[in-house]
Structure formats: structure tokens, C-alpha cells
Visitor: 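Pasting a structure below so you can have a look.
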Amino acid sequence: MYTGMSPGDLMLLQFEVEQFLYTEARLLDDRRYAEWINLLTDDIHYWMPIRRTTVSSQTDMEFTEIGGMALFDDNLDFLKLRVAKLQASNAWAEEPPSRTRHTVTNVQILDIDDNGRIIVGCNFQLYRSRLECDEDCWIGSRKDWLQRDADGSFRLAGRHIFLDQTTILSQNMSNLF
Amino acid sequence: MYTGMSPGDLMLLQFEVEQFLYTEARLLDDRRYAEWINLLTDDIHYWMPIRRTTVSSQTDMEFTEIGGMALFDDNLDFLKLRVAKLQASNAWAEEPPSRTRHTVTNVQILDIDDNGRIIVGCNFQLYRSRLECDEDCWIGSRKDWLQRDADGSFRLAGRHIFLDQTTILSQNMSNLF
Amino acid sequence: MYTGMSPGDLMLLQFEVEQFLYTEARLLDDRRYAEWINLLTDDIHYWMPIRRTTVSSQTDMEFTEIGGMALFDDNLDFLKLRVAKLQASNAWAEEPPSRTRHTVTNVQILDIDDNGRIIVGCNFQLYRSRLECDEDCWIGSRKDWLQRDADGSFRLAGRHIFLDQTTILSQNMSNLF
Amino acid sequence: MQDLTNRDNLESLVFMENFGMYGNSHASCCFQVGATEDFVVRATDWVDHKSGKVDRRIFQTRDLSSGTGASICQVLLNTCPHRGNTVCRAELGQTKSFFCTYHGWNFDLDGKLIAVPGEETYYRGKLDKSRLGLEPAAQVESYKGFVFATLDRDAPALQDYLGWVGMVGLDLIAERGDMEVIDGIQKNRVQCNWKLAVDNLFDWYHPKVSHGSAARVGLLNEDELRYMNQMVILGEYGHAISGAAFDEQKLAEIKDAAAEGRELSGSDNARVWRTTQDALDAMGPVGVRCGGHPNIFPNLWVSAAGPPQLCLRIPRGPLATELWWFTFADRNQSAEERRAAVMIASHIFGPSGLLEQDDGENWSHSTRASTGTVTRRRPVDFSMGMGLDRVLSNNSGQSYIETVVNEHAQLWLYRSWNDWMSAANWRELIDNHSVVPTSTV
Amino acid sequence: MQDLTNRDNLESLVFMENFGMYGNSHASCCFQVGATEDFVVRATDWVDHKSGKVDRRIFQTRDLSSGTGASICQVLLNTCPHRGNTVCRAELGQTKSFFCTYHGWNFDLDGKLIAVPGEETYYRGKLDKSRLGLEPAAQVESYKGFVFATLDRDAPALQDYLGWVGMVGLDLIAERGDMEVIDGIQKNRVQCNWKLAVDNLFDWYHPKVSHGSAARVGLLNEDELRYMNQMVILGEYGHAISGAAFDEQKLAEIKDAAAEGRELSGSDNARVWRTTQDALDAMGPVGVRCGGHPNIFPNLWVSAAGPPQLCLRIPRGPLATELWWFTFADRNQSAEERRAAVMIASHIFGPSGLLEQDDGENWSHSTRASTGTVTRRRPVDFSMGMGLDRVLSNNSGQSYIETVVNEHAQLWLYRSWNDWMSAANWRELIDNHSVVPTSTV
Amino acid sequence: MQDLTNRDNLESLVFMENFGMYGNSHASCCFQVGATEDFVVRATDWVDHKSGKVDRRIFQTRDLSSGTGASICQVLLNTCPHRGNTVCRAELGQTKSFFCTYHGWNFDLDGKLIAVPGEETYYRGKLDKSRLGLEPAAQVESYKGFVFATLDRDAPALQDYLGWVGMVGLDLIAERGDMEVIDGIQKNRVQCNWKLAVDNLFDWYHPKVSHGSAARVGLLNEDELRYMNQMVILGEYGHAISGAAFDEQKLAEIKDAAAEGRELSGSDNARVWRTTQDALDAMGPVGVRCGGHPNIFPNLWVSAAGPPQLCLRIPRGPLATELWWFTFADRNQSAEERRAAVMIASHIFGPSGLLEQDDGENWSHSTRASTGTVTRRRPVDFSMGMGLDRVLSNNSGQSYIETVVNEHAQLWLYRSWNDWMSAANWRELIDNHSVVPTSTV
Ligand code: FES
Ligand code: FES
Ligand code: FES
Ligand SMILES: [Fe+3]
Ligand SMILES: [Fe+3]
Ligand SMILES: [Fe+3]
């Protein structure tokens, strides 16, 4: 647990975590996918479950579980495929490329797991502008696992993405969250 | 006044304030209303005036004043009523429950009032996704009063919510801001 | 380069930069334009290029360059004109005045340039509510140059605004970004 | 110029939507308290429901030249006769004239075109300014401070239009004291047809379920949600009142107690005004007993059961309705009483109201269903009480129905609506509208 | 109540859109595995494409009273007969009844109106509850667990409607094992006409280009994207199957290898079921060879070439379509096999699918083009293979076309669509629909 | 391939919207400077205002095979003849061909279909590629580098269409030097009808009020906003020029001063070109005096009063218009002159322009008003100068009106629009269009 940390150490960790998340978001928006892939651990799980409308007493069914269907359910190989595709110049959903903007807010260090990975919660807003006048906006929360490497830098070891939409109101989700 | 604080103390205060606001927002989005209520002081005033379009020379009339009509004008009892309602399972506006996302940005410590309460300004965005495809988005600024308790933690002693819309473009405001 | 700074100094700088950007945003949203103008250096360049949809291999053409046409291409004199206009009471695009909300996120100190100016990257969202029910939202990224004055305070020495839209989907851009 | 923020001088304006036969109904209402200065409040659109067309904002000015109690608001079309620009974009405020921001034509508070740039140089003196004012409403009349306007010269006079039912409806606010409007109109938009929102105001069947959570958390008294004593009054042209009824004997007791200076409960105290001779003279023996909800046809709800409020159901096309809430208070209340009343009012209705927040989704879902092909094959059900109740009348000529919860007023709404839609003009409506039932309903 | 999260007991429901002649097609489909408890899944709208009208959500309940394998889902109109409110707003879940949130009418899982607040007091016992249930579908029938419903009493019986082509289409999932649905329906909205999305499912011409990036990054085998062996089967009323064909000899080899216990490649192993007598009996010699994509007219894609999935193309007006993906698995798979299958399924189709993400923009741009005046002067081109291919048939009476990539099924889709749009009712459609070609196409 | 970012080689393309009789007007315009490489710029839609239908993006390619000065742009329908997909999605760039991302049909820069996947294997050699190219514009012609296209074969030749009024309008940019387009088209969308935006370009009445703030802050000279010398020129088919006029004597003085090498003020210096024999030959004695705003009917504003710019008013349905601003500069300017000119241009018009930002709301509010039922009963007022001005003509045959600020050109716009809407084809329009007034207007 990180609760034993001094306020100063906590603030420093918060600062480092935020800057890491901003850098990572910037790489995606700048279409620097190769560098983005380098920020991931080999064992990353990148997952967006399907969300459903349920009554309040049955919200245990709100999200599909790991093992059920999902919108993203990627290991590093699948993420590399996605990135390779984005770079392929014939991935038509992104050719001409969209203009994306990943905004990360309400960043909170939630916990440190048994592997020493920092569990970070945040809100996200992914805005996409495409061709002349297509606009999409995806909003939700995320839970990220950050691994501290020997050189002090972070890599992303896990990302669970909880979109607030149920029916996806866009024609695809061809971007990374 | 907080202007005598050292930069280091100011940064720490900023950090604590931000984390408090994020935690509070998270409780609402996670529908943990009982815990949210615990973050409020007994004398909280939670207020959203009505906004009107006026010419620039008459913007003194832009907002209704305290004592006039409002969209929220709640003391703790009214807030408890709202929360009890949200938990009642027959409050149909929120049954099935909406999916909300409270984003808090541009956080600034504006002042410390005579009671030692920290006055905090911020921007907010409250996004709501509901049923299959209903979407609402409320944007504006807030002024919050934070009271530091003996154990060092904060409670919310006041919230003034300045919505940027005049006519509310949604079918209700059944959520907390 | 700022890379030699200690973590503590970096955090302090980040804090100061964020607060400056929030203050500046707040002045615009509060329509305190005279104070906003005072935050600018004499040699400010305030620029928003035109963005175009291009294929991925030709994104070097995505933005117009300095010297080409732009949406904003202002020196201090032009910015003073804009502000004077906003205060003129007969600038009809803003009479009655719009309600704006400038949100600044993902703030990162990118570099310090040869003149000691701090180069800051961020995402922005400018939301505008107008009359009864007109709404606009502009999203993108910014690159700001901050100059530290002798008294330790900042002024804005440059702002490059990269909007994510190509065709502007609003009837004007009568506000400052 | 007058400061609208000064509550004492506030002339409160409430505009009612016009629709149906376009411009044919008395369609605006204004609560007027004798302000003496110029001002303007822009209010609403005029919607033609037959065609779905909307005319631009109406606003109203008080005529500076008339300082008498008989002075009336101006109701003007917010459209510049030159190219059609909106001449008033503010929602409230003061002005000495209406200045068009396009080419600068300027109109006085009566809508008269008073200044045209280049009148001599460009128009060379040939512009007939007298025919180029802002279009005024065809008729503007007031009833106890509520001002109504219509765009149709052939519409009946206001009191003929309101009839006793409409007048009693307004009396339910006007007669209770020296009323004024509290600053702040709550406005929000629901994706429903406006008629479902009007239907709902007569509906004392839904609260127990729709607002069940308010009862569960103690905001409403669950017992009081069994509405066994209902009184329904149907009026010509579609007006109606439906809801709770006060017992004659109960009112008599209150009257006696008040006369003897005995202490009354809060709710009884709020009913003393009903027992006065003034109220009886104005509203008749049936009117003073009304505890229900009047609708001034087509869309002005007089919400008089709780804190006195008005709510307009303003159509924004067939699938959207804007709700505008106006709140009234007695100017003789103490500051504390006023504050308490405002707190209650702001927590019941409006988009964040603890009651009303649960209404919107029911209405919008019911609206959407009505577009389905199979759904349309089946009629909606209005059978509650149908054919089971008798129309009573007393010596005053006021006819009414006393019964339990029912759907008589809702049916009357849709029947009257059909009358309006079937009539080409006021003449036809006057000749052919449904007769108020006199025997069984 | 049953826990829907318990995969073993999960009764999976898949609803197909109805359009064309309104309510006339068999329009819902449900994969049923014999659950024994009450539950509800709300699914979709009924869209009338002639008028563009939408009826409210259909949901379905399992009848508690029938615990037999023959039990069938209830398919009900999600519209309260009182004012039209939606009685079920959840997307999935369990319930014991459908409670209307407006006035509290309550319906059992068969749609029967079982409780009305104030039935005695307000309705005074006069309400005929028996005529005020939730409207059920006119016909509900199942085929191997896929349940279809139609709103039209005159529609043919399900098997008559499906014909052998529709049945083989469903067999391609039903016959491969003991199938169940995996939790989670991917849903997203594309700005295209639904017919372009259906056209595309027959289209083995586009993958090499549209999904070229998937091939370039190694997700698809570029060689396999040359589809030289195609089989097209056209069915009555618009059903069709189009795509790859398995070689009879290849299937025979697999059969022999399986019989001898020889090790098979993964893909061959996935085809063993085609070589069983059961499959042959069910699907006939042509059916077992189908490696293509069936469409149950109008809009149910049986995606059986990869992981077994269904995709509904649900119209949301003429310019938008919602895609709903249902994924199936064999309940006898190991956990690892299941996990691997899910991973594949979730990466191919759906809005983030590495294949499907590239389809939407092509469809939406092709839809928009179709509204242009000059563009409309030129016909769209469907000439690939037109007039060049012969219809074969075997002793089983199954007729089919063996050829290369072509556009026969796409043309059949539009021709059948035209038949449906030209018919006023089922009688006319039965009399006048296009005859399945028997010689040259 | 050519680098479009190389300004020296830039061939600038400007496309004008087509509407009215669909495809019947000369509808695209292109400023061409003799580039020699292949490229493409996608530009705009073709809108049929009678039906509201939009044809997909037009783009244009330079024909590689023609390297001569007479070479012309290709103007092609951006719709694949196979299923209708958009073949060019970039807004600008270079390409060697147009590759359809759906099935991979490939078109050369003339629109010819050059490659079809599976042409032999799937189409079996039966595809007639020659009839499946991208639809070209029916006519493409240029005038001094401005290229116009029309979809109608029956439209008159370009110069017949433009007439002397349209040609003078274009000359106001073309004759002033060796012009090129500056990189960057400002585009934004206003919720107004396009005709109000065109009406406005003739309107020298509004600046003093609409742009009063620009005057107040010193950007405009308040004195210069009194436009007492106005010249209006009306052209066949709806073209017109309206606005300031230069005094003949003033031009003569400038000519003398320039000839004698005397120093001129900046604004006078910008007028020297008008005093040359070339300009006189091209534009005639009336043309060189034009300081106003030409509109090439229907929607191409030649904004020549300030920095030379073009603005297209592109309809996006009846209630929205896109504004596209193209800016020109003389390639012989110094870098400083160029930079200063760009700074001015980018601050006047466009969505953030200090003038134009105030126009949009006036237009959109005037558009909305026009839908109101009561508002529609009253005509819009165009009476300024009506019946008061005489049409002059000189020996050159150029007829014109000299007067003060007026609304002649605006009325001409709507009258011509009515001519176009009333004609079924070019034959009818040629026969029946309004005659340019020759006596009093
Ligand atoms: S539109 Fe009002 S003055 Fe011209
Ligand atoms: S609408 Fe369902 S009970 Fe009234
Ligand atoms: S749509 Fe262009 S190749 Fe098929
Ligand atoms: Fe209610
Ligand atoms: Fe595909
Ligand atoms: Fe202008």
C-alpha cells in the first residue's frame, strides 16, 4: 500500500503519473504509434467491456466480464496489430487519418498492487474530428496499471476502459483509447 | 488569506484539494451516495442559480440571486432527500440509473474565508449517458467551500454551480453536480 | 534545457504554469479582457493555422504555415483590437455576450527556449453557450510560450492553437482561445 | 430606466404559447403589478402547430406614455420588417428602444419605426415608416394582471374566451393576496409532445407511481396521494380544471376558526382566503372549492395546489416541449415566509425538482411510442370514469363533476384540440366547438 | 429468479429487425437453450421501412408456466396500452413482471395486465383488463432454438418462410455443436442505409481491398483473399447464401481422417461436423458445403465462416443502421478454447474489430452518394458475373450456383426488396414474388 | 509528383457551388497558373436547391497529358460508379490516380477506369470499363485562369454565361497583376440560407451598423462608411456588381501621377492598375471604375474592394451555408508586402475576421424568421432606391446605375433566382429570363 508515503512523495508520484499519462496521450494524438507501443509492458491487458443498461438492483450485469465479449480485449500482440494497421496507409477507417484529442482528467492514484504496479484512476474524453465535419466523442473512466522500470520511467501494464455509452454512437472505434 | 503560504505549502494544499474534488466526483459517478453525503458539512449550501441572456451592460441580471428562484437551492436536508431518492429504486428518472462522468478542471484556490474555509474555483463538465442513446452534457464553473476537519480531511461546506446554459437542454437534472 | 531541474523544481514550475493558464482562462470566461491583455508580452504571436484533411503520407500539408492564411494570426495590436471590440457593446457577435468556458488539460512543460521562455503544451476545450440554445465546442491542442518576468510572474509570449476541426462548424469564432 | 432586479417594482410577464389555429387563441398572459418604467422582456415563440412553423420571439414593452393602472403591455413580433432580423436578443433587461443590429432600424417601445439610417440620403425620403413597425399582437387584454395576447383579430374578447372556468383558474392565484412574481424562470426542454405534458397536469392518477420516490423519501405524504375527492370542471374552448376538491364544510370550519381568531394549521391557514366574501364573489361556490389544476387552453397550467406557479408547455415541434416555470409570492409575506416558499417551489417542479424530474422520461417515451405503426393501430386508453359521472350544477350556473380520480379533463383536452384543428377560423370554432357536457360524462 | 450472468443457464436472445411490409416478415430470432426461470431481455425496435415509423422496443419473456423444451419466448410490444409509456427500459435483466412507471399498470411475463392501481376505486371495476395487455407478436416460432416473431397473422409459418435456404443458413450455427451465446452484444451505429450493410455480407469482392490492412499486418492470409470457389444459393422471399464453398472431396478426406483418428489442422478440425450424417440429413449435400454468408431476409446475417456469430443490421431511418453482434460458442469447449474463440471474435467484427472498422465509412459514403441528383441518374453496377453462371441442382432439390466471386446474391437482395415493397400484404407477396432462378443468372 | 506546398508552382483551385436548375449553371471556378504536374484538390458538393439533394464532392485533376497553357482542370463526380463510394477523401494533396477503398477500382486523373480487381477472373472480361469512369462535368471552361464547370451540356458557353458583367467581376482580380492563391481556405458554416449571404455582399448599407464595432475600435474609418457614390451593374442571368465607384477624374489624376513617377498613397497605389490601357481594354470605362462587389450568379463573391479574395456561399440545405474564403496575392510582391497583405486578409473576413464575425448571427436570425407563419404574411422590404434611379450607358454598351446606397442588386438577385427556379431547363431560362433593366430601376 502506498498510504505510508509522505505527502511530498505522494505529490511527486502524482506528478510523474500525470506526466506519463499526458505523454502517452500526446503520442497517440501525434500519431507516433511506434513510440506509444514502447510504453507498454509485454503482459499488458487492454480491455474495454461492453456496457448495458440495467436496473439499479442488477448493476452487477452492467459490464461484461473478462472472458465475455468486449470491445477491446487486447494483449501486446493485438495492440501491435492495431498500431501496424494504423501505420499501414491502407487502413481506410484512418486514411485520411482522423484528428484525435485524448484528454485525461481527475487523475487519482488508487493503490499499488502486489507487483508494485501503481493503479491509477482517471476520466477520459476522446474527441475525434474526421474528414470535413464528422465528430465523435467518447467519455468514460479508466483504470491503468503503471509499472516502474529500473530507470525510474513508467510503462503501461494494464488499461481497463469503462465507456459511458452502451450503444456506440459512432461508425467505428478505429482509434486507441 | 492564504497568500502568506510558502510555495511548497500551496502546492500541497492544491494537491489535497484536487484529490478531494476527484474523490467526491468519483463517489457520484460510482453511485456511492451515502459516502458522498458524508463529505458534506451540516451547513452546506448547494446552489445553482438560473442564468439568463442579457446585454453586456446588464450582466448584473445574468444570474438570479440567492432568495430568487434557482435550479438547486439545497441545504443538507434537501441533499439527503435527493440522495435518498437516488437510492429509492423507484426514482424513475434514474431507474435504470444514468451513467454520469464528472470532470473537474482548471482547479484554483481562490481564497480562504473568515471561517478558514478554502474557496476553490474550477470548471466542470457533467456528461450523462442514459438508456441506449440519450446524451446530455452540462458545462460551467463552480465555486466550492472546503472545510478542513480536525483529522486533516476536507468536507464540502458550499457549492455554487454556474451553468453556461440558460434554457436547460435536457429533460431533467436528476443528477448531482 | 529544463531537464537539469530537480523534481521539486519541476513540480513547482508545473504548478506555477498550470495556475497561470487557469488564471488566464478564467479572465476570458469572466470577460475581464483588460486584465487578460496585461498578461501578454509585446511581441506575442497568437496563431491558429487552417487545418486540412490529407492522406497520411502528406500530413506535412495538414496545417497552413506561418505566412499562409490562418484563422488567427495576431500580434499584440490585433489582440488589442479584438479585446476593444469585445468591450465595444456594439460587437454584435458577442452582444448579448456569449457564455464561454475554457478548459485546459494535459498540461506539459515541453521545453525552455533560447530566450528562457517556457514552452508548454496542453489540450483545450472551448465551450460556448449563446442566447437560448446555441452551443459550440472547439477542441484541440495548444503550444504556449511563457515568459517569466522579473517579479516571478508569467506573461504569454506566444500561442499556437491547433484546432481539430477542418471546416469550422460554428457561425463565427468571435471569442479568444 | 427601471432596475428589474428591484422586486418591488417588478412587473412580471408570462407569455403563453399560441398554437392550434394559428394566431387564433388568446395566447399570452402577463401578471402585471403597475410598474412605471420602460422595460422589455423577451418571452417566447408563436408556434403554428398545424404547419409546424415558428414565428420569432415575441417580446413586450410597457408603454412609457401610459402610467395608469390600465396600462397594458405591448406584445410585438420580434422580427425586423426590413430583412427579418431579431431586434431583441436579450432574455430580460431594460431598453429605451429596439435597435436592429443588421442595418440599424430603430423601433420604439410600441414597435413604431422611429429611426432609419440614411432615410433622407439613401431612401431619399420615400420610406413610409408608418407601415414598417414591428407587428403588434392583434389583441392584448388583461385579467387581474394576467395579460393575454392573440395574433387573430377575430378572436373573442378575453373574458369571453376564458369563460368562468378560465377566470376561476386564474383567480386561484390572483385572489389569494397581493401577488408578485419571484425573479427567475426555470426553463428546460423535454422530448415530448406538448399535449402529453398538458394531459399530465390533469392527471392525479400518476403521482403515486411516477412520484413514488418522493413519497418514499418523505417529501410527499403517501396518504395524501390517494385522491378520493376529485372535482372536474370543463370549460368552453378546452379550458378545464381537474384535481382535489375542498369540502364545503371544511371551508366553513376554517372560516369560523379564522373569524374567531383560533390558530389554524399551516395548510388550513393557506386556505383562509377561500372563505372570504371577495373570493366567493369572484369565484363562486364551486370555484372556491377548487384544489385542482386548471389549464387555460391550450397550454397554460395554473399550478395552484402548492406554491402558486404557472407553467407553460411550449411546443418546439411535435416531438419537443419547453417547460417554463413562473413562481408567485404574496408581497405581504415576511422575508422568512418568502424564503421558505421559494425553497419549496424550487424543489418541487423545474428540471431538478424532486417531483418533476421523474415526469419527463414518461412523457418522452409515451411520445415516441405514438409514432410506431403497430402501436398506432391501438387506441390510447382514457376510460377511467368514462360514462360513470354526472355533471352537477348549482344556482350560480357553475357546472362541475364530483368524483374520484378520473380522465374526464384529459379527454376534454384532446376533444377540444380536435375542434381547434378542424376549424379554419374563429367563426367556425365558435359555431362548431364541443358543448360542455351537462349530464353524464 | 435466474441469474443471467450464469452462463450455463443463459438463454440467449437475438432479435431480428422487421421492416418491409410492416409486421409482415418473420422478424425476430432467438437462440434458446432451455432455461427454466423468468427473465426478460429487451431487444430492438420494429421499423416500418415504407413509412419510416418505428414501433417501440420489443422485449421477450420466458413463460414461467411452461418448463418444457418446447417452451417459447414471449415477444411483446414494449408500449403500455394506457398512455404509451415504455414498460421495460433495461437492456437485460430479470423481472417478475413489467411495471409501467407512469401510472403503475403491471403486466405479467405473458403481457397480461395483472394489476391496475385504483381498479375498484377509480375505474370502479369497469376496466376490461383482458383487452389491455401488452400486444404480443402475431406469430412466434422457433427453428433449432432460433426464435422468430412476426407482427403479421397472415405471414407464412416459419419453416415455410425460411425455406431450405434459410434453414441451412441457421444450421450453419445450430448443427455445429451444443451452442450457446456468449455474454455481450456489441452494438454500434453507422450512417448508412441498412441494405448496403446487407449487400456487403454477400460481398467477397471487398475484403482484399477494404480489409487490405488486416492482410498487410498479417491478420488475414492474403492468399486466402482470392476467392475462386464461390457458391451462391438464392432462396424464396430474399434469403441467400453467398461465399466460399467447400470441395466435396476435401470434406470426404476430413471425414476419413476423423474416422481414423488422424490429427487434423485446426481449420479442418472445425469442419468435421460438416461430415457427419446428422449434418448431411439436416443440410443436404449442398448445405454442408456452404462456407459463405447466409442472410435471413431481410437483415439477419449468419456469420458462420469464422467464429459463429449473428449480426443484425437494424435500420434507424433510411440513413443510419445499427449493427448488433451476437457471438456463439460450443458449450463443450474447454475454457482455453472458449477464451481463444472469444478473443478472435472480439477482434474481427464489431466497431473496434480489425476487419469491420474499415467497412463503415465505405457504406456511409456510398449511402450519401445515393442522394445526389446527378449520381442518381447513373445506375449502381451489379454486373459481376451477370448472365454468366448456371444454376445447378442435385437430387435433393437444392439448387445452387458454383462460380467465382460475383454479385448474384446482392442483386437478388435488391430484387426481393423490390418485391416486398411492391406487395401490399402477404397474399400479394406470395403470389407475385420473384421465382428463384433455375437456369442462368 | 508536385509539392502543393511549393507556392511558386501552386495551381489554385476554387470551386463554385451549383444549384438552381440542377447542374445547369456554370458552377466551378478555378484560378490556374500553369502547373505541370499531376495533383488533385477535392472541393465541394453540387447542391440541387430545387430538391435539396446533394451530389458528392467534386474534385479536379490536372490532365498530365496536356502541358500547355491551354490545359484545363478535370472536374469529376467523386462517386465510384460501382457502389457509390467516395474515391477521394482528402481535402488537398497529390495523387497519381483515384483508388476506391471499397473494392479497389482505380481511376486515372481524367476519371477513366484503368484497373478493376478480378477483371478477368471475376468479371470474366465482360466489364465495359469505358462506360464506368468517374462522371466528368459536362463543360469545363476557363476565363483568365478562373475555371468554371457545369453539369449541364445545354448550358451556354462560359463567356456567354458570364457576359460582360461577370467578366468584369473576375477582371477585378485577374487584371490587377500576376495573381496567385495563398495557401489556406477558411471554411465555416453559418445557419443561414445562402441567398441571405449573397444578398449581403451587395449590401453597403449594413457595414456602418453591423460592423460598427470595427469602426469604433479604429479598424474601419467611420467616415468611409458613408457610401455616397455607389455604382450598380446588373447582368444577365443574375450576375451583378454593387458598391463603391471610383471617380473618373480621380483615376485620371492617379494615372498622371503614376506616369510622372510621383509618390502615391497606399490606396491610390493599389489603383494604378485600373488606369492602364490593358485594364481599360479588358474592362471598359465602366469596369475600371468598379469599387464594389461582384457576384457571379449564383454564389461566387469576388471580394475585390480590399485584399483580393473570393468567397463561395455553399448551400448545406435551406438553413445552412458554408463560407469558403480564397485569398489572392500578386506574385511580384515583396515578402513584406505579401505578409502584410495576408495579415489584413486574415483579419477582415473568415469566421474570426473582425468584420465578418458579426455577420453570421444577423443572417441566421433573418433566416429563422422567414419560417414564421405571421412573419411570412409580411413581405421583406427592398424599397431602398426602388424606382428612383436611372440606368446609364456609355458608348461601350456597358449600362450601369450611379446612385447612393440602394437595394437594386439585391432585388435583381431574388428576381433572377425566381427566373431560374421557374425554368425547367436552359432553353426556357434563355427564353424567359428577366431582361436587364435599361431605363429606371
Ligand atoms: S434587417 Fe433590421 S434594419 Fe435591416
Ligand atoms: S402509461 Fe402505463 S400505466 Fe399509464
Ligand atoms: S464502390 Fe468503388 S470499387 Fe466498389
Ligand atoms: Fe408529475
Ligand atoms: Fe467487410
Ligand atoms: Fe458584413
Side-chain angles (χ1 to χ4, degrees), chain D residues 192-193 195-200 202-213 215 225-230 319 357-389 403-408 410-411 414, chain E residues 18-19 21-24 27 45-58 76-89 99-106 113 115-129 131-138 150-152:
Chain D
C192 73
N193 184 274
K195 289 188 295 298
L196 272 162
V198 175
D199 169 338
N200 182 264
F202 297 126
D203 179 342
W204 293 63
Y205 186 35
H206 83 288
K208 193 158 187 257
V209 170
S210 287
H211 308 304
S213 61
L225 292 175
R226 283 191 211 92
Y227 304 110
M228 296 313 295
N229 298 314
Q230 294 273 307
L319 300 178
Q357 59 180 242
D358 294 311
D359 283 317
E361 205 158 85
N362 285 333
W363 306 347
S364 60
H365 279 255
S366 298
T367 297
R368 285 186 225 169
S370 72
T371 63
T373 300
V374 168
T375 296
R376 293 179 81 95
R377 290 184 197 146
R378 290 183 71 169
V380 178
D381 190 84
F382 291 101
S383 67
M384 189 186 283
M386 194 188 286
L388 300 177
D389 291 315
T403 179
V404 293
V405 170
N406 61 85
E407 295 179 326
H408 301 311
Q410 290 94 311
L411 249 188
Y414 293 100
Chain E
N18 159 286
F19 41 71
M21 279 186 299
Y22 188 69
N24 300 104
D45 293 345
W46 299 73
V47 182
D48 178 356
H49 249 228
K50 271 188 175 158
S51 70
K53 301 294 173 55
V54 178
D55 269 304
R56 301 303 308 283
R57 310 288 156 181
I58 303 292
L76 302 166
L77 207 58
N78 195 357
T79 302
C80 178
H82 182 224
R83 278 297 186 282
N85 196 27
T86 308
V87 297
C88 176
R89 290 182 187 155
F99 180 80
C100 179
T101 61
Y102 199 165
H103 306 92
W105 287 17
N106 200 10
L113 178 56
V116 170
E119 186 179 359
E120 289 310 316
T121 47
Y122 302 158
Y123 282 102
R124 287 165 267 177
K126 303 290 189 195
L127 193 73
D128 180 1
K129 295 210 299 294
R131 60 168 189 85
L132 290 165
L134 299 174
E135 176 95 10
T150 172
L151 296 173
D152 192 339

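Sequence lines set the chain letters: A, B, ... in the order given, protein chains first and strands last, and positions in each chain run from 1. Only a predicted model underlies this, so the values are computations on that prediction, with no experimental measurement involved.
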Visitor: Roughly how far, to the nearest 0.5 Å, is the NE2 atom of His206(D) from the CG atom of Asn85(E)?
Guide: 11.5 Å
Visitor: Which residues pass the side chain to side chain donor-acceptor pair (under 3.5 Å) test with Thr403(D), sequence neighbours left out?
Guide: Asp389(D), Arg124(E)
Visitor: Given the rule in the side chain to side chain donor-acceptor pair (under 3.5 Å) test, do Tyr102(E) and Asn200(D) qualify, once you have shown the distances and angles that lead to the verdict?
Guide: CA-CA 10 Å; Tyr102(E) 199 165; Asn200(D) 182 264; 2.9 Å; yes
Visitor: Which is it for Ser383(D) and Leu127(E) under the side chain to side chain contact (heavy atoms under 4.5 Å, CB included) test, yes or no, and what are the steps along the way?
Guide: CA-CA 8 Å; Ser383(D) 67; Leu127(E) 193 73; 3.4 Å; yes
Visitor: Exactly one of Thr86(E), Thr79(E), Asn78(E) should register a side chain to side chain donor-acceptor pair (under 3.5 Å) with His365(D). Which one does?
Guide: Thr86(E)
Visitor: Is there a donor in the side chain of Tyr123(E) and an acceptor in the side chain of Asn406(D), or the other way round, less than 3.5 Å apart?
Guide: no
Visitor: Whether Arg83(E) and Asp203(D) form a salt bridge (side-chain N of Lys/Arg under 4.0 Å from carboxylate O of Asp/Glu) is what I want to check.
Guide: no
Visitor: Would you give the length of the straight line joining atom OH of Tyr122(E) to atom CD of Glu407(D), rounded to the nearest 0.5 angstrom?
Guide: 12.0 Å
Visitor: Please report the closest heavy-atom contact between Ala369(D) and Gly84(E), naming both atoms and the distance.
Guide: CB-O, 3.1 Å
Visitor: Is there side-chain contact between Asp381(D) and Arg131(E), with at least one heavy-atom pair below 4.5 Å?
Guide: yes
Visitor: Work out which heavy atom in Arg378(D) is nearest to a heavy atom in Gly133(E); give both atom names and the distance.
Guide: NH1-O, 3.0 Å
Visitor: So which part of Asp199(D) gets closer than 4.5 Å to some heavy atom of chain E, the side chain, the backbone, both or neither?
Guide: side chain
Visitor: Tell me whether Asn106(E) at atom CG has more than 12 heavy atoms from other residues, nucleotides or ligands lying less than 6.0 Å away.
Guide: yes
Visitor: Within the structure provided, determine whether Thr121(E) and Met228(D) are in side-chain contact (heavy-atom separation under 4.5 Å).
Guide: yes
Visitor: For Cys100(E), which atoms come within 4.5 Å of any heavy atom of chain D: side chain, backbone, both, or neither?
Guide: backbone
Visitor: Between Tyr205(D) and His103(E), how do the two ring planes meet: parallel, tilted or perpendicular, split at 30° and 60°?
Guide: parallel
Visitor: What part of Pro207(D) lies closer than 4.5 angstrom to a heavy atom of chain E: side chain, backbone, both or neither?
Guide: neither
Visitor: Decide yes or no for Arg89(E) and Glu361(D): does some side-chain heavy atom of the first lie under 4.5 Å from some side-chain heavy atom of the second?
Guide: yes
